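Just so we're clear, the structure is a prediction, and the values are computed from it rather than from any experiment. First the proteins, then the strands, lettered A, B, ... as listed; each starts at 1.
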2 protein chains.
Amino acid sequence: MEEIERGSGVSLWRQIEQTLLQEISAGVLHPGDKLPTEQELSARFDVNRHTVRRAVAALVQRGIVSVTQGRGSFVQEEVIDYPIGKRTRFSENLKRQNRSPGGRLVRSEQRPANGIVSKGLEIPPGTPVLMIELVGEADSVPISTSLHFFPWDRFAGMAEGYAETHSITQALARCGVADYTRKQTNITARLPSAEEARLLRQMPGRPILHVESVNLDETGTPIQFSIVSFAGDRVQMVVEN
Amino acid sequence: MEEIERGSGVSLWRQIEQTLLQEISAGVLHPGDKLPTEQELSARFDVNRHTVRRAVAALVQRGIVSVTQGRGSFVQEEVIDYPIGKRTRFSENLKRQNRSPGGRLVRSEQRPANGIVSKGLEIPPGTPVLMIELVGEADSVPISTSLHFFPWDRFAGMAEGYAETHSITQALARCGVADYTRKQTNITARLPSAEEARLLRQMPGRPILHVESVNLDETGTPIQFSIVSFAGDRVQMVVEN
DNA sequence: ATTCATAATTTGTCTAGACATCCGTATCTT
DNA sequence: AAGATACGGATGTCTAGACAAATTATGAAT
C-alpha cells in the first residue's frame with residue numbers, strides 16, 4: 001500500500017485528489033460510476049474520513065465529481081444523456097445521471113394557438129392557450145430553453161404551479177393530471193438565435209438540438225406542446241428503441 | 001449573543017457565512033480589512049474553529065475573501081491599487097493588498113534596440129537587447145501584459161531567471177543587481193489590441209492603462225525599460241506624492 | 001540602526017468521535 | 001397490491017485536540 005506518501009511536503013488530501021483524478025482520466029472510473037464510499041476510501045488510503053472528504057470536495061469544486069447525501073459520490077458525465085421515451089421527465093432524467101435539476105420561469109402569457117400549436121394540441125386555431133418559457137438547468141448550468149403550450153381552460157394555473165415547484169410534472173398534478181405520456185418527439189439541429197445563445201451561455205456558432213413534443217393525459221387528450229432547445233455541446237438525445 | 005441559531009435547520013457555518021457576508025456588504029468590514037482571526041470568530045459565534053473555517057472557505061470560493069497562512073483572512077479589494085514609486089515591485093504591490101501574485105513568460109528574444117528603447121536605456125540604437133513578454137496575474141486573474149527590455153550584455157539570462165522565479169526582482173538579483181529603483185513612469189490610456197484583449201480577458205471596448213517605465217541599478221545606470229498594459233477594469237494606478 | 005535569531009501569532013492539515021440527515025430498500029400492515 | 005414504517009448505509013455537520021507551516025513581532029547582538 002504505497003499509494004500516498006506521508007511527510008512528503010504534499011498534503012495527503014491533495015495526493016488523494018490526484019490519485020482519484022488520474023483514475024478517472026485513465027478510465028478506471030467511468031463517467032456515471034459511483035466512487036467508493038468515504039469509509040472505503042479512508043480505509044484504502046489509511047487516512048481519516050475527513051481527509052478523504054477534503055479530497056472529494058476539491059473534485060466537486062472542479063466539477064469532476066458530484067455528491068449526494070445518502071447516495072454517494074459519482075463521476076460526472078461529460079455530456080448529458082437525455083432519454084426520450086413514453087415517460088420523459090426532465091427532472092427524472094437528470095437525477096438518474098446524478099445531476100441536480102433546476103429551472104426558472106422566464107415568462108408566461110395567454111395567447112391564441114397558432115398553426116403548429118393548434119395542430120400539436122389538436123384544438124382549433126385561435127383557441128386561447130397558456131405559453132410559458134423556461135430555462136432548464138443541470139447542476140446550475142443552463143442546458144435548455146423551452147416554450148410550453150397548454151390549453152388555457154384546463155391549465156391556467158400552470159405558471160404559478162411551475163414557479164412554486166420548479167417541475168412541470170408537479171404543476172400538471174396540481175391541475176388534475178396525475179400522469180401523462182409522450183405522444184411524439186421531433187428532433188432537428190439548427191443554429192441558435194442570439195437570445196438562445198445568451199440564455200444557454202453557448203457560442204453562437206455551436207449548434208443546438210431543436211426538439212418538439214406532445215404530451216397526452218391518461219385519456220389520450222393532448223395537454224402539452226413543447227418546443228425545447230438543448231445546448232448541443234452539453235446534451236445528447238437518446239431515443240430508446 | 002443571539003447571532004446564530006442552533007437547530008434551526010440551517011447549518012451553523014452557513015449562518016456564519018451569511019453574517020460575515022452581510023457585514024462586508026453593509027460596510028462594517030471594508031475591502032482590504034482583516035477579518036477577525038479564526039479563534040476570535042469561533043469565540044464570537046461560540047462554535048468550534050473548524051466550523052468557522054468552513055464558513056470562511058465558502059467566502060473564499062465566492063471570491064469575497066482571501067486567506068493567507070500565517071497572516072489572516074482579508075476582504076477582497078474590488079479594484080487593485082497599483083502604487084507607483086521609487087521602489088515599484090509587481091509582486092510586493094499585490095502581496096500588500098493580500099493578493100497572490102503570479103505571472104508567466106510568453107516569449108523572449110534578442111533584438112536590436114529601437115528608438116524608444118534606446119532612449120529609455122540610454123544606449124545607442126541598434127545595440128542588442130533582451131526582450132521578454134510577460135502576463136502578470138493577481139489571484140490567477142490576468143491583470144497586465146508587458147514587454148521588458150534589458151541590455152543584452154549584462155542580462156542575457158533574465159528569461160531563464162524569470163521562468164524559474166516568476167519574479168523580475170529575483171531574476172535581476174541573479175544577474176548581479178541587488179537593488180534597483182524606478183527612474184520614471186509614464187501613464188496613458190488607450191484601447192487594447194485584439195491580442196491584448198485576449199491575454200487580459202477583457203472586452204475589446206474597455207480601455208487599458210499604458211505604462212512605460214525605466215529602472216536604474218545602484219549606480220544610476222538604466223537596466224530595464226518596460227511597457228506594461230494593465231486591465232483598466234481591474235487596476236488603478238496610484239502615484240504616491 | 002541593522003541584522004539575525006527567536007518567539008508568538010495565525011492559518012493548514014490530520015485524527016477521532018458523535019450525531020444528524022437523507023436515500024434506498026426491506027418489511028409489515030392493510 | 002399498495003402504502004406506511006423501520007432499518008441500514010451513505011453523506012453532512014459539529015466538536016475537540018494536536019501538530020505543521022507560514023508570517024509577523026520581539027529582542028539581542030553587532
Side-chain angles (χ1 to χ4, degrees), chain A residues 3-20 33-61 65-75 91-92 94-101 178-179, chain B residues 3-20 33-61 65-75 91-92 94-101 178-179:
Chain A
E3 296 219 73
I4 58 177
E5 197 179 353
R6 298 183 104 92
S8 67
V10 181
S11 56
L12 300 182
W13 68 264
R14 282 197 183 282
Q15 295 184 53
I16 295 172
E17 179 196 5
Q18 286 304 313
T19 303
L20 295 175
D33 280 359
K34 186 174 178 305
L35 288 180
T37 68
E38 294 173 353
Q39 194 185 7
E40 291 168 341
L41 287 173
S42 63
R44 167 181 165 190
F45 293 109
D46 194 26
V47 297
N48 190 274
R49 178 176 154 234
H50 292 299
T51 306
V52 168
R53 283 177 63 77
R54 184 73 184 82
V56 173
L59 292 173
V60 169
Q61 193 174 351
V65 163
S66 68
V67 181
T68 312
Q69 182 175 164
R71 300 222 309 133
S73 307
F74 301 85
V75 181
S91 299
E92 312 278 331
L94 294 180
K95 279 189 199 166
R96 201 172 301 130
Q97 296 188 51
N98 313 309
R99 292 176 182 274
S100 62
D179 195 10
Chain B
E3 297 218 74
I4 58 176
E5 198 179 352
R6 297 182 104 91
S8 67
V10 181
S11 55
L12 300 182
W13 69 264
R14 282 198 183 282
Q15 296 184 53
I16 295 172
E17 179 196 6
Q18 286 303 314
T19 303
L20 294 176
D33 280 358
K34 185 174 179 303
L35 289 179
T37 67
E38 293 173 352
Q39 194 185 8
E40 290 169 342
L41 286 174
S42 62
R44 167 181 165 190
F45 293 109
D46 195 26
V47 297
N48 190 275
R49 180 178 152 231
H50 293 299
T51 306
V52 169
R53 283 178 62 77
R54 184 72 183 84
V56 173
L59 292 173
V60 169
Q61 194 175 349
V65 164
S66 69
V67 181
T68 312
Q69 182 176 161
R71 301 223 310 134
S73 307
F74 300 85
V75 180
S91 299
E92 312 277 332
L94 294 180
K95 280 188 197 166
R96 201 171 302 130
Q97 295 188 52
N98 314 308
R99 294 177 180 273
S100 63
D179 194 11

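- Applying the side chain to side chain donor-acceptor pair (under 3.5 Å) criterion to B:Gln97, with sequence neighbours excluded, gives no partner residue.
- Side-chain atoms of A:Ser73 never come within 3.5 Å of backbone atoms of A:Val67 as a donor-acceptor pair (strictly under, hydrogens ignored).
- Rounding to the nearest 0.5 Å gives a distance of 12.5 Å between CZ of B:Arg99 and CZ of B:Phe74.
- No contact: B:Arg14 has no heavy atom under 4.0 Å from any strand.
- Atoms CG and CG, on A:Asp46 and A:Leu41 in that order, are 12.5 Å from each other to the nearest 0.5 Å.
- No more than 12 heavy atoms of other residues, nucleotides or ligands lie within 6.0 Å of CD in B:Gln39, so this atom counts as exposed by the packing criterion.
- Interface residues of residues 48-59 of chain A facing DNA chain C, ordered by number: A:Asn48, A:Arg49, A:His50, A:Thr51; criterion, heavy-atom separation under 4.0 Å.
- The distance from atom CD of A:Glu40 to atom CZ of A:Arg49, rounded to the nearest 0.5 Å, is 12.5 Å.
- Considering only heavy atoms from C-beta on, B:Arg44 comes within 4.5 Å of B:Thr19 through its side chain.
- Heavy-atom contacts of chain A under 4.0 Å fall on DNA chain C between two terminal nucleotides, which in 5' to 3' order are C:dT13 to C:dG24.
- Put simply, the side chain of B:Arg6 reaches to within 4.5 Å of the side chain of B:Leu12, judged on heavy atoms.
- With sequence neighbours excluded, no residue forms a side chain to side chain donor-acceptor pair (under 3.5 Å) with A:Thr68.
- With sequence neighbours left out, the side chain to side chain donor-acceptor pair (under 3.5 Å) criterion links A:Asn48 to no other residue.
- Annotation: of the two residues near DNA chain C, B:Lys34 and B:Gly9, the 5′-most nearest-nucleotide partner is B:Lys34.
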Could I get a table of every N or O pair under 3.5 Å where one atom is in the protein and the other is in nucleotides 23-26 of chain D?
{"unit_1": "D:dT24", "atom_1": "OP1", "unit_2": "B:Arg71", "atom_2": "NE", "d": "3.4"}
{"unit_1": "D:dT24", "atom_1": "OP1", "unit_2": "B:Arg71", "atom_2": "NH1", "d": "2.8"}

